[in-house]
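Only one structure is covered here, and it is reproduced in the block below.
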Amino acid sequence: MAKLEAPRKRPRLAVIKFASCDGCQLSILNLEEDLLALGEALDIAYFPEASSAMNAGPYDIALVEGSITTAEDAHRILSVRQQAKVLITIGACATAGGIQALRNWADVESFKRAVYPNPEYIQSLSTSTPISEHVRVDFELWGCPIDKGQLLRVMTDLVGGVQPRVPADSVCLECKRQGHVCVLVAKGLPCLGPVTRTGCGAICPSMGRDCYGCFGPSEGARKGPGLPPNTTSLARHFHDELQLIPVEVLRRFRGINGAVDPFRNESTVWENKG
Ligand code: SF4
Ligand code: SF4
């Protein structure tokens with residue numbers, strides 16, 4: 001009689017949300033037929049955006065979207081970390097604090113008073129911080145939102161037992177590989193492509209628009225892997241050659257990923273010149 005093989009145990013996946021717009025979770029749903037393949041390779045145990053069947057941990061992989069903006073979230077992420085073998089942040093909010101980190105330079109209490117008739121009901125921290133400021137993160141996927149192809153590659157690597165890897169060089173390299181006209185040179189637009197991480201496929205320059213840095217800082221172009229890009233030189237070019245005034249230079253760097261080094265450091269330099 002043929003021997004029955006024990007059913008293969010699929011890794012358990014959780015997709016968990018903190019402060020965010022849900023766009024990165026939608027990128028997972030937008031995998032379409034690849035999502036079915038993912039569902040065969042993984043046991044999607046917890047994904048409230050996709051299913052009301054929410055199974056408790058532990059999980060082999062936790063994809064975490066969103067930043068920490070409340071005391072409750074700061075507590076909840078500790079429990080997520082305890083339950084997850086591998087924790088991956090997805091998107092600018094989870095990886096860098098997101099656009100909501102603009103509050104880090106503002107008076108949140110005055111915002112609450114301006115917007116809400118009963119601000120005392122709003123329980124919010126004065127900062128928005130990335131997940132890595134609270135717990136150990138095993139891998140980061142950048143982008144606002146993340147790139148579906150990069151997500152699929154990382155999940156495939158994990159299922160195959162391979163250390164995931166995505167490129168960290170600049171959008172410029174992808175832009176040149178695709179043969180787009182440089183909008184910085186040809187149109188004088190303040191493109192952040194030279195200091196922004198590749199991954200989107202250079203979408204904005206392909207449409208004749210300047211990159212605004214939604215994939216976060218690139219690595220390695222100047223000194224090697226893991227080292228920051230040359231924001232100083234690009235910012236000086238924006239100011240000296242493109243005639244941006246200091247506050248405009250500041251705003252280029254203080255955007256979706258403005259709370260993360262080296263964009264944060266560069267924007268601070270121009271704050272002091274304003
Ligand atoms: S358009 Fe922007 S991303 Fe493309 S090469 Fe020029 S500076 Fe780089
Ligand atoms: S070109 Fe820049 S701003 Fe546009 S999608 Fe890519 S990383 Fe984001």
Side-chain angles (χ1 to χ4, degrees), residues 20-28 30-31 65-67 89-102 130 139-154 165-223 228-244 248-264 266-267:
S20 61
C21 75
D22 289 29
C24 290
Q25 292 186 79
L26 284 176
S27 296
I28 301 173
N30 285 343
L31 285 171
E65 178 196 80
S67 65
T89 56
I90 54 170
C93 301
T95 308
I99 194 70
Q100 59 272 35
L102 288 177
F139 198 77
E140 295 176 328
L141 263 182
W142 294 78
C144 182
I146 52 167
D147 176 74
K148 290 192 296 183
Q150 283 201 338
L151 173 69
L152 205 55
R153 211 169 313 141
V154 167
R165 200 177 289 275
V166 289
D169 49 24
S170 74
V171 173
C172 285
L173 295 188
E174 184 58 30
C175 190
K176 293 302 96 191
R177 273 194 288 268
Q178 295 185 19
H180 302 308
V181 173
C182 176
V183 299
L184 181 71
V185 174
K187 292 188 178 179
L189 295 177
C191 186
L192 283 180
V195 297
T196 298
R197 184 178 296 252
T198 189
C200 68
I203 298 174
C204 299
S206 77
M207 308 275 180
R209 297 184 54 178
D210 44 322
C211 169
Y212 52 89
C214 85
F215 266 67
S218 58
E219 289 175 9
R222 188 161 53 143
K223 294 175 186 162
N230 192 347
T231 54
T232 310
S233 172
L234 186 65
R236 205 178 298 135
H237 182 83
F238 289 170
H239 179 261
D240 295 352
E241 306 299 327
L242 305 186
Q243 313 296 319
L244 266 61
E248 290 172 324
V249 179
L250 177 157
R251 284 181 185 148
R252 288 308 289 168
F253 289 94
R254 195 173 289 175
I256 287 167
N257 288 294
V260 73
D261 291 343
F263 289 179
R264 173 174 49 194
E266 195 58 52
S267 74

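Order of appearance sets the numbers: ligands from 1, and atoms from 1 within every ligand.
Within the coordination shell of atom 8 (Fe) of ligand 1, defined by N, O or S atoms under 2.8 Å, Cys191 is absent.
Interatomic distance, Glu174 CD to Asp169 CG, rounded to the nearest 0.5 Å: 8.5 Å.
Of the possible polar contacts, one joining the Gln178 side chain to the Gly201 backbone as a donor-acceptor pair under 3.5 Å is found. Between the side chain of Asn30 and the backbone N or O of Lys148, no donor-acceptor pair lies under 3.5 Å. Distance alone, capped at 3.5 Å, is enough to place a donor-acceptor pair between the Asn257 side chain and the Cys214 backbone.
Remark: distances from the non-hydrogen atoms of Cys175 to ligand 2 are all 4.0 Å or more. Within the structure, ligand 1 lacks His180 among the residues with a heavy atom less than 4.0 angstrom away. Under a 4.0 angstrom heavy-atom cut-off, Pro194 registers as being in contact with ligand 1.
In terms of protein heavy-atom proximity, atom 2 (Fe) of ligand 2 is nearest to Cys211 SG, 2.4 Å. Nearest protein heavy-atom neighbour of atom 5 (S) of ligand 1: Lys176 CE, 3.4 Å. The nearest protein atom to atom 8 (Fe) of ligand 2, hydrogens excluded, is given as Cys214 SG, 2.3 Å; this is a heavy-atom distance. Nearest protein neighbour of atom 1 (S) of ligand 1, counting heavy atoms only, is Val183 N, 3.1 Å. Nearest protein heavy-atom contact of atom 3 (S) of ligand 2 is Tyr212 N, 3.3 Å.
The heavy-atom pair separating Cys144 from Phe215 by the smallest distance is N-CE1, 4.4 Å.
Using modelled atom types, one finds a donor on one side chain and an acceptor on the other under 3.5 Å when comparing Ser67 with Gln100.
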Decide side-chain contact (heavy atoms from CB on, under 4.5 Å) for Leu234 and Arg252; before the verdict, give the C-alpha distance in whole Å, the side-chain angles of both, and the deciding distance to 0.1 Å. CA-CA 11 Å; Leu234 186 65; Arg252 288 308 289 168; over 6 Å; no
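Counting the atoms of ligand 1 from 1 in the order shown, those under 4.0 Å from a heavy atom of Cys182 are 1 (S), 5 (S), 6 (Fe), 7 (S). For ligand 1, the atoms sitting less than 4.0 Å from at least one non-hydrogen atom of Gly193 are 3 (S), numbered in the order shown with element in parentheses. Listed by atom number, the atoms of ligand 2 under 4.0 Å from Pro205 heavy atoms are 1 (S).
Partner of Pro194 under the side chain to side chain contact (heavy atoms under 4.5 Å, CB included) criterion, chosen from Cys172, Cys211, Cys175, Ser170: Cys172.
Proximity annotation for atom 4 (Fe) of ligand 2: of Gly199, Cys144, Cys200, Cys204, Cys204 comes nearest, heavy atoms only.
Looking only at side-chain heavy atoms (C-beta outward), Leu31 and Leu151 come within less than 4.5 Å of each other.
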